[in-house]
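None of these values were measured; they are calculated from a predicted model. Only this structure's heavy atoms are used, side chains among them; waters, hydrogens and symmetry mates stay out.
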Amino acid sequence: MTLRTPAHRADLRDALVATTLDLVRIPSVIGDEAAVCDHVEQRLLTRLPRDAVTRYSHSLIVTPGPRRPDRPTVGLVGHLDTVAPRQDTDVAVEGERILGCGVSDMKAGLAVMLELLERLDLERLGVNLTLVFYEREEGPYAENGLQPLLEQFPILRDIDLAFCLEPSDNRVQMGSMGCIHATLTFHGRRAHSARPWQGDNAIHKAGALLAELHGRERVPVHFDGLTFFEVMSVTMVQASGTRNVIPDHFAMNLNYRFAPGKSLEAAQADIEQVVAGRADITWTDLSPSGPVCAGNPLLRPLLERPGIVVESKQAWTDVARLGLFGIDAVNLGPGESAQAHQRNESCAVELIVQGYELFEAYLLAL
């Protein structure tokens, strides 16, 4: 890492805190990213010429500095949106933590991206640098804002290694779990709840499957030297009728997280085997798993750094989508994994500073 005096590190800390707070103070729940995109774009244009910043809807592609065709390209990728807050949360610094919706997932990562862009001497880099700030990551796979960028801007497909700055506690998290959402629908026969024998309770018909899912253990899958855990969970339910009516319809959302190396078709077959014909299945969201790219030569200098932790990504990220376009990618960001989507979300200031220093040292060493 670049050696800094305590005063210089304090200056870096203050800048990262200020940038993170600026981003977190702008609400950007998925579908409402215009204001935060405007803010980031205006800040970028204070440093870069207009032709280095491309806007598409509420996403930005940034290509700073000279583009040398004889050098590899590293990408830094971050989404602008957050999930909806569980309650009104003040944006604040409390002790050594920043509080606010989306601070870990993933505005701390966005702050690192912006500060790197403004502090690095781009002429010194041995690689081309491309940054992507994009919308609509926290929703359905088909509506994700990175997809049209990859389809319409060929320059992104020149990236040789991308970093998704998803919350990972500054650990290199390889791969991406695949993710399926399916609606399981049970059908019964309506009746008065005083005479249930005259009907067929659709909720009760789901009982055996719910009990099986409750007792189902996570399934470890070993892939490229890493362990991923496949899990199935019911996350939402919906029933027909009122409190004195035997329901004739009961639906529940089944979420299946599956390991790299398994296709969507094989994952769908897993669900079909578990359901075993007891409910109708409607596939509502299909996200493929993402590859592990530990052999990428651009990654080696990072993995060889003292103290670097390498582990599996026990979640879905756009590492998977980048992989579909032939782009190697890993997850590495300063946000705290355990804080993502939490009530009263927060992030340690020191992790943000360390995240900046980690990327700075890595990029300058290439």
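- For Y134 and D81, the side-chain atoms include no donor-acceptor pair closer than 3.5 Å.
- Scanning all heavy atoms of the two residues, the minimum distance from K313 to M177 falls at O-CG, 3.3 Å.
- When all heavy atoms are compared, the tightest approach of P64 to L129 is CD-O, 3.2 Å.
- Using a distance-only test at 3.5 Å, with no hydrogens or angles considered, no donor-acceptor pair links the side chain of D248 to the main chain of A202.
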**Request:** Please step through side chain to side chain donor-acceptor pair (under 3.5 Å) for the pair N253 and T235, ending with a clear verdict.
**Result:** CA-CA 6 Å; N253 184 79; T235 56; 2.8 Å; yes
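- A distance of 11.0 Å separates CG in L120 from CZ in F359, rounded to the nearest 0.5 Å.
- Side-chain contact annotation: H187 with D280, donor-acceptor N/O pair under 3.5 Å present.
- Considering CE of M252 and CG of L213, their distance stands at 6.0 Å, rounded to 0.5 Å.
- We find that E350 and R13 are not joined by a salt bridge, their nearest charged nitrogen and carboxylate oxygen being 4.0 Å or further apart.
- Within 6.0 Å of atom CZ in R190, 12 or fewer heavy atoms from other residues, nucleotides or ligands are found, so the atom counts as exposed in its surroundings.
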**Prompt:** Between E115 and R47, is a salt bridge (Lys or Arg N to Asp or Glu O under 4.0 Å) present by the stated rule, with each step listed?
**Reply:** CA-CA 11 Å; E115 291 292 335; R47 165 79 189 272; over 6 Å; no
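- Relative to the six-membered ring of Y141, R321 meets both conditions, a distance below 6.0 Å and an angle of at most 45° to the axis.
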**Test side chain to side chain contact (heavy atoms under 4.5 Å, CB included) applied to Q173 and Q314, step by step** = CA-CA 9 Å; Q173 294 182 336; Q314 187 62 33; over 6 Å; no
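- The pair E143-R136 meets the salt-bridge criterion, since a charged nitrogen lies less than 4.0 angstrom from a carboxylate oxygen.
- Within the 4.5 Å cutoff, the side chain of V172 has no heavy atoms near those of the V309 side chain.
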**Request:** For R171 and E311, run salt bridge (Lys or Arg N to Asp or Glu O under 4.0 Å): C-alpha distance rounded to whole Å, both residues' side-chain angles, the deciding distance at 0.1 Å, then the answer.
**Result:** CA-CA 7 Å; R171 300 180 176 190; E311 60 190 18; 3.1 Å; yes
Could you list the donor-acceptor pairs under 3.5 angstrom formed between side-chain atoms of residues 97-114 and any protein atom two or more places apart in sequence or on another chain?
| from | atom 1 | to | atom 2 | distance (Å) |
| --- | --- | --- | --- | --- |
| R97 | NE | S346 | OG | 3.0 |
| R97 | NH1 | E336 | OE2 | 3.2 |
| R97 | NH2 | E336 | OE1 | 3.1 |
| R97 | NH2 | E336 | OE2 | 2.7 |
| R97 | NH2 | S346 | OG | 3.0 |
| S104 | OG | E336 | N | 3.1 |
| S104 | OG | S346 | O | 2.8 |
| D105 | OD1 | H79 | NE2 | 3.3 |
| D105 | OD2 | H341 | NE2 | 3.0 |
| K107 | NZ | L23 | O | 2.9 |
| K107 | NZ | I26 | O | 2.8 |
| K107 | NZ | S28 | OG | 2.8 |

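- Here the side chain of T284 pairs a donor or acceptor atom with the backbone of H181 at under 3.5 angstrom.
- Considering only heavy atoms from C-beta on, V40 comes within 4.5 Å of L60 through its side chain.
- Using a distance-only test at 3.5 Å, with no hydrogens or angles considered, no donor-acceptor pair links the side chain of D328 to the main chain of V292.
- When all heavy atoms are compared, the tightest approach of C179 to N255 is SG-ND2, 3.3 Å.
- Using a 4.5 Å heavy-atom threshold, the side chains of P288 and L324 count as touching.
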**Request:** Determine, stepwise, if the pair R9 / E357 fulfils salt bridge (Lys or Arg N to Asp or Glu O under 4.0 Å).
**Result:** CA-CA 10 Å; R9 198 170 194 269; E357 292 174 332; 2.9 Å; yes
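- Judged by distance alone, the side chains of E151 and Q147 do bring a donor and an acceptor atom under 3.5 Å apart.
- Remark: the backbone N or O of A92 is not paired with any side-chain donor or acceptor of D90 at under 3.5 angstrom.
- Annotation: R50, atom CZ; neighbour count of heavy atoms from other residues, nucleotides and ligands within 6.0 Å is above 12.
- At a threshold of 4.5 Å between non-hydrogen side-chain atoms, the residues D318 and N144 count as touching.
- Scanning both residues, D11 and R119, for their nearest heavy atoms gives OD2-NH2, 3.6 Å.
- The shortest distance between side-chain heavy atoms of V274 and R216 falls below 4.5 Å.
- Listed here is the closest heavy atom pair of V319 and A329: CG1-O, 3.6 Å.
- Side-chain rings of F258 and F229 stay apart, their centers remaining 6.0 Å or farther from each other.
- Between T73 and V127, every side-chain heavy-atom pair lies at or beyond the 4.5 Å cut-off.
- Between E212 atom CD and L210 atom CG the span is 9.5 Å, to the nearest 0.5 Å.
- Using a distance-only test at 3.5 Å, with no hydrogens or angles considered, a donor-acceptor pair links the side chain of N128 to the main chain of R68.
- The nearest pair of heavy atoms linking S289 to P260 is OG-CA, 3.5 Å.
- Annotation: R218, atom CZ; neighbour count of heavy atoms from other residues, nucleotides and ligands within 6.0 Å does not exceed 12.
- For the atom pair OG1 (T282) and CG (L254), the distance works out to 12.0 Å, reported to the nearest 0.5 Å.
- Ring geometry for Y362 versus F163: interplanar angle over 60°, hence perpendicular rather than tilted (30 to 60°).
- Sorted by first and then second residue, the side chain to side chain donor-acceptor pair (under 3.5 Å) pairs with a member in residues 55-64 read D38-R55, E41-R55, R55-H58, Y56-Q152, S57-E135; sequence neighbours excluded.
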**Asked** Please walk me through it: do V93 and L21 pass side chain to side chain contact (heavy atoms under 4.5 Å, CB included)?
**Response** CA-CA 9 Å; V93 179; L21 287 171; 3.8 Å; yes
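- When side chains are defined from C-beta on, E33 does not count as touching E137, because their heavy atoms never get closer than 4.5 Å.
- Annotation: side chain of I203 is not in contact with side chain of I246 (no heavy-atom distance under 4.5 Å).
- Crowding of H204 atom NE2: a count of heavy atoms from other residues, nucleotides or ligands under 6.0 Å not exceeding 12.
- Side chains of S337 and D169: a donor on one and an acceptor on the other come within 3.5 Å.
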**Request:** Assess whether side chain to side chain contact (heavy atoms under 4.5 Å, CB included) is satisfied between V74 and T130, documenting all intermediate values.
**Result:** CA-CA 6 Å; V74 170; T130 297; over 6 Å; no
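- A salt bridge links D270 with K262: at least one charged nitrogen is closer than 4.0 Å to a carboxylate oxygen.
- Using modelled atom types, one finds no donor on one side chain facing an acceptor on the other under 3.5 Å when comparing N170 with S168.
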**Prompt:** Could you go step by step and tell me if I281 and L184 meet the side chain to side chain contact (heavy atoms under 4.5 Å, CB included) rule?
**Reply:** CA-CA 5 Å; I281 303 174; L184 309 185; 3.8 Å; yes
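- Taking CG of L44 as the reference point, atom CG of L117 lies at 6.0 Å (rounded to 0.5 Å).
- Residue L322 holds its CG atom at 5.0 Å from SG of C164, rounded to the nearest 0.5 Å.
- T46 places a side-chain N or O within 3.5 Å of a backbone atom of R43 that can act as its donor or acceptor partner.
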